[in-house]
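Here the structure comes first, spelled out in structure tokens, and everything after it is commentary.
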Amino acid sequence: MNTLLTFFIPLLSSSLVWSGYLENNQDVLKPEGWTHVGQVDPTEELELTFALKQQNVHLLEERLRLVSDPDSAQYGKYLHLEEVASLVHPSELTQKVVHHWLQSHGIKNCQTVHTQDFLQCTMTAEVAETLLSGSKFHRYTRDGQSVVRSSAPYSVHDDIHQHLDFVGGLHRFPPKGLDPNKASSDRKQKQSKVGIHLGVTPAILRARYNLSASDVGTAQNNSQAVAQFLEQYYSPADLADFMTMFGRSFKHLSQVDRVVGTQGKGKTGIEASLDVEYIMSTGANISTWVFTNPGRHESQEPFLQWMVLLSNMSDLPWVHTISYGDDEDSLSTAYMMRINTEFMKAGVRGISLLFASGDSGAGCKHLGKGQNCFRPSFPASSPYVTTVGGTSFKNPFKLTYEVTDYISGGGFSNVFKMPEYQASAVDGYLKTVAAALPPRAYFNITGRAYPDMAALSDNYWVVMNRVPVPWVSGTSASTPVVGGMLSLINDQRLRKGLPVLGFLNPRLYKLKGQALFDVTEGCHLGCLDEQVQGHGFCAAPSWDPVTGWGTPNYPELLAVLLAE
Ligand SMILES: *[C@@H]1O[C@H](CO)[C@@H](O)[C@H](O)[C@H]1NC(C)=O
Ligand SMILES: *[C@@H]1O[C@H](CO)[C@@H](O)[C@H](O)[C@H]1NC(C)=O
Ligand SMILES: *[C@@H]1O[C@H](CO)[C@@H](O)[C@H](O)[C@H]1NC(C)=O
Ligand SMILES: *[C@@H]1O[C@H](CO)[C@@H](O)[C@H](O)[C@H]1NC(C)=O
Ligand SMILES: CC(=O)N[C@H]1CO[C@H](CO)[C@@H](O)[C@@H]1O
């Protein structure tokens with residue numbers, strides 16, 4: 001009943017007021033934790049992002065399928081940014097209509113990107129509110145961070161509607177960061193009963209995943225990146241200390257090669273440090289970039305800013321790891337669909353995007369009295385990224401057997417259909433566990449299922465403010481660990497003159513678990529109700545929606561992924 005309502009109201013009103021909502025199911029409510037400061041002054045400048053309708057999205061999708069399928073003759077034949085641009089750039093009509101519309105409102109200050117499918121424009125709040133009817137811009141704060149967002153949905157004239165996917169900068173508050181420290185506070189208590197745990201360090205990861213001292217980067221033009229969208233920055237001094245303390249057994253770099261964005265505002269963040277310290281520990285001796293909080297203006301969406309930037313940079317690292325995620329149900333379908341197309345644009349260029357699967361297991365959404373369902377997270381649920389879940393050691397004193405980390409995000413998308421490459425793997429899982437599956441009303445069996453693989457996510461050491469800190473946990477730890485290993489494999493492929501791995505999933509699923517340590521024990525979090533009693537899904541032999549195919553056995557993975 002609920003879904004019907006949200007879909008019908010916008011349709012009705014659009015025929016009444018001859019204008020339409022671009023994002024008719026976008027959550028516009030202020031999320032918990034933000035304080036309303038007040039309406040912004042009409043003369044204040046805003047910076048909004050217009051996502052213009054692209055052409056040939058189906059051709060782009062088909063192209064991505066071919067370049068990432070190892071059995072295709074097109075495998076590894078990646079496109080340059082200019083080629084992506086000539087494929088997807090908006091039609092001349094679209095560009096004309098949108099430019100004319102903006103100009104007729106006196107908006108002249110716009111910047112485009114290489115692919116011409118985004119426009120970023122500055123205008124006053126007053127002009128924005130006329131341009132996008134219904135919008136009302138207010139300022140909100142949380143923990144010293146300040147953003148400007150619209151408290152009400154916006155619509156555009158029918159003539160414009162068909163030329164835009166959405167407008168960025170009105171909704172979507174920055175999500176709360178994964179809080180790796182909080183996630184671990186209750187296990188700390190659990191484990192203090194068991195005894196002392198030494199925690200995960202680069203040496204432990206390298207031992208568990210069988211990286212030898214000579215498994216470091218050697219290729220000239222290889223690079224990797226982490227992207228950060230929280231109000232925090234990594235500290236170069238902490239990174240250097242971390243490498244001095246924990247990097248003795250392998251050749252590594254102790255400095256980031258390039259920072260893109262505004263490093264320095266905000267505070268040193270545990271998550272920012274975690275990502276950089278660990279991608280540089282598995283992807284050792286590989287040039288590393290940090291994309292840091294690139295949302296410069298209060299009215300911008302940091303994650304969207306990063307996506308826009310990718311369409312404007314022809315020279316990018318091959319592997320990106322990202323710990324950003326939001327509930328699918330808080331985002332408009334139009335937004336997620338378009339961001340998904342942006343992931344395809346990266347994939348056809350040979351760029352691997354790795355997202356953390358989230359730290360709330362299957363998640364839980366309350367539908368009504370005693371009625372719940374799981375709550376998938378985006379971009380983890382996109383079929384065009386590689387999603388990484390989390391594990392922990394079964395016995396904290398042995399580096400052998402990994403089991404599910406109960407926080408490991410996973411489940412089934414309500415937005416994206418199950419892609420071909422995973423259909424038989426997921427089908428296998430559903431059959432294996434049939435009787436033990438959560439009730440069908442909790443998840444969407446036809447959706448994209450995630451994660452794709454996993455790595456340790458529990459009990460990491462990081463260096464923060466020059467001090468080593470234990471007990472840091474979360475899939476924002478496992479993701480850079482896997483990212484660094486993919487970079488090492490890219491490194492070897494580049495040295496052999498082979499194309500990089502690009503979008504990994506079609507190839508990963510064809511391995512059917514080969515070269516990975518299968519994780520078969522443990523369940524992740526779900527809803528705290530009588531029906532599922534705190535559980536989401538459970539791990540099982542082969543692929544599962546908790547730890548994917550499992551964790552990497554590096555030498556074997558290298559061997560199978562080094563074949564043409
Ligand atoms: C894209 O890059 C060009 C220069 O290469 C720059 O002029 C333009 O402002 C950039 N666009 C955005 C949206 O930043
Ligand atoms: C990799 O690690 C596993 C478990 O730690 C070990 O049994 C195996 O012999 C190692 N080597 C290879 C090449 O798999
Ligand atoms: C580290 O990488 C550089 C290339 O960036 C290479 O010249 C050097 O040999 C590598 N170091 C080791 C120990 O392999
Ligand atoms: C289930 O997922 C499909 C896409 O795979 C979607 O079309 C459908 O609306 C989803 N159902 C619900 C109840 O969200
Ligand atoms: C992504 C990356 O690291 N690209 C580099 C490849 O090499 C050229 C020339 O040395 C550099 O300009 C790029 O930055």
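One-based numbering, in listed order, for ligands and for the atoms of each. Position 1 is the first residue of the sequence; numbering continues from there.
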Numbered atoms and elements of ligand 3 in range of A219, under 4.0 angstrom, heavy atoms | 4 (C), 5 (O)
What part of T112 sits under 4.0 Å from ligand 1 if we count only heavy atoms: the side chain, the backbone, both or neither?
-> backbone
Does Y278 have its ring centroid less than 6.0 Å away from the ring centroid of F242?
-> yes
Backbone, side chain, both or neither: what part of N222 comes under 4.0 angstrom of ligand 3, heavy atoms only?
-> neither
State whether the SG distance for the cysteine pair C121/C110 is less than 2.5 Å.
-> yes
Should the pair R448 and F412 be classed as cation-pi, given the thresholds of under 6.0 Å to the six-membered ring centre and 45° from the axis?
-> no
Subset of ligand 3 atoms that lie under 4.0 Å from at least one heavy atom of V216 = 14 (O)
With R65 as the cation and Y421 as the aromatic partner, state whether NZ or CZ is under 6.0 Å from the six-membered ring centre and within 45° of the axis.
-> no
H171 and Y335: aromatic ring centres closer than 6.0 Å?
-> no
Proximal ligand 4 atoms for T446, defined as those under 4.0 Å from one of its heavy atoms = 1 (C), 2 (O), 3 (C), 5 (O)
Between H161 and Y21, does the ring centre distance come in under 6.0 Å?
-> no
Identify, for atom 7 (O) of ligand 3, the protein heavy atom at the shortest distance, and state residue, atom and that distance.
-> Q220 NE2, 4.1 Å
Can you find an N or O of Q120 that's nearer than 3.5 Å to an N or O of ligand 1?
-> no
Taking only heavy atoms of K417 into account, list the atoms of ligand 4 that are under 4.0 Å away from them.
-> 4 (C), 5 (O)
Angle class for the F378/F416 ring planes (parallel below 30°, perpendicular above 60°, tilted otherwise)?
-> parallel
Tell me, which protein residue and heavy-atom name are nearest atom 11 (N) of ligand 3, and how many Å apart are they?
-> N285 ND2, 2.9 Å
Has R338 got its NZ or CZ under 6.0 Å from the middle of the six-membered ring of F118, at an angle within 45 degrees of the ring axis?
-> yes
Per-atom contacts of ligand 1 with N312, taking only distances under 4.0 Å to non-hydrogen atoms = 1 (C), 2 (O), 3 (C), 8 (C), 10 (C), 11 (N), 12 (C), 14 (O)
Those atoms of ligand 4 less than 4.0 Å from some heavy atom in N444 | 1 (C), 2 (O), 3 (C), 8 (C), 10 (C), 11 (N), 12 (C), 14 (O)
Kindly state if atom 9 (O) of ligand 3 has a protein heavy atom within a strict 4.0 Å cut-off, that is, under 4.0 Å?
-> no
Which residue owns the protein heavy atom closest to atom 6 (C) of ligand 3, what's the atom, and how far is it?
-> T218 O, 3.9 Å
Determine, using heavy atoms of S287 and all atoms of ligand 3, whether some pair is separated by less than 4.0 Å.
-> no
Test item, F416 contacting ligand 4 (heavy atom, 4.0 angstrom) | yes
Any chance the SG atoms on C373 and C527 come in under 2.5 Å?
-> no
What protein heavy atom sits nearest atom 13 (C) of ligand 3, and how far away is it?
-> K251 CG, 3.4 Å
So, for I351 and P317, which heavy atoms are closest and what is the spacing to 0.1 Å?
-> CG1-O, 4.1 Å
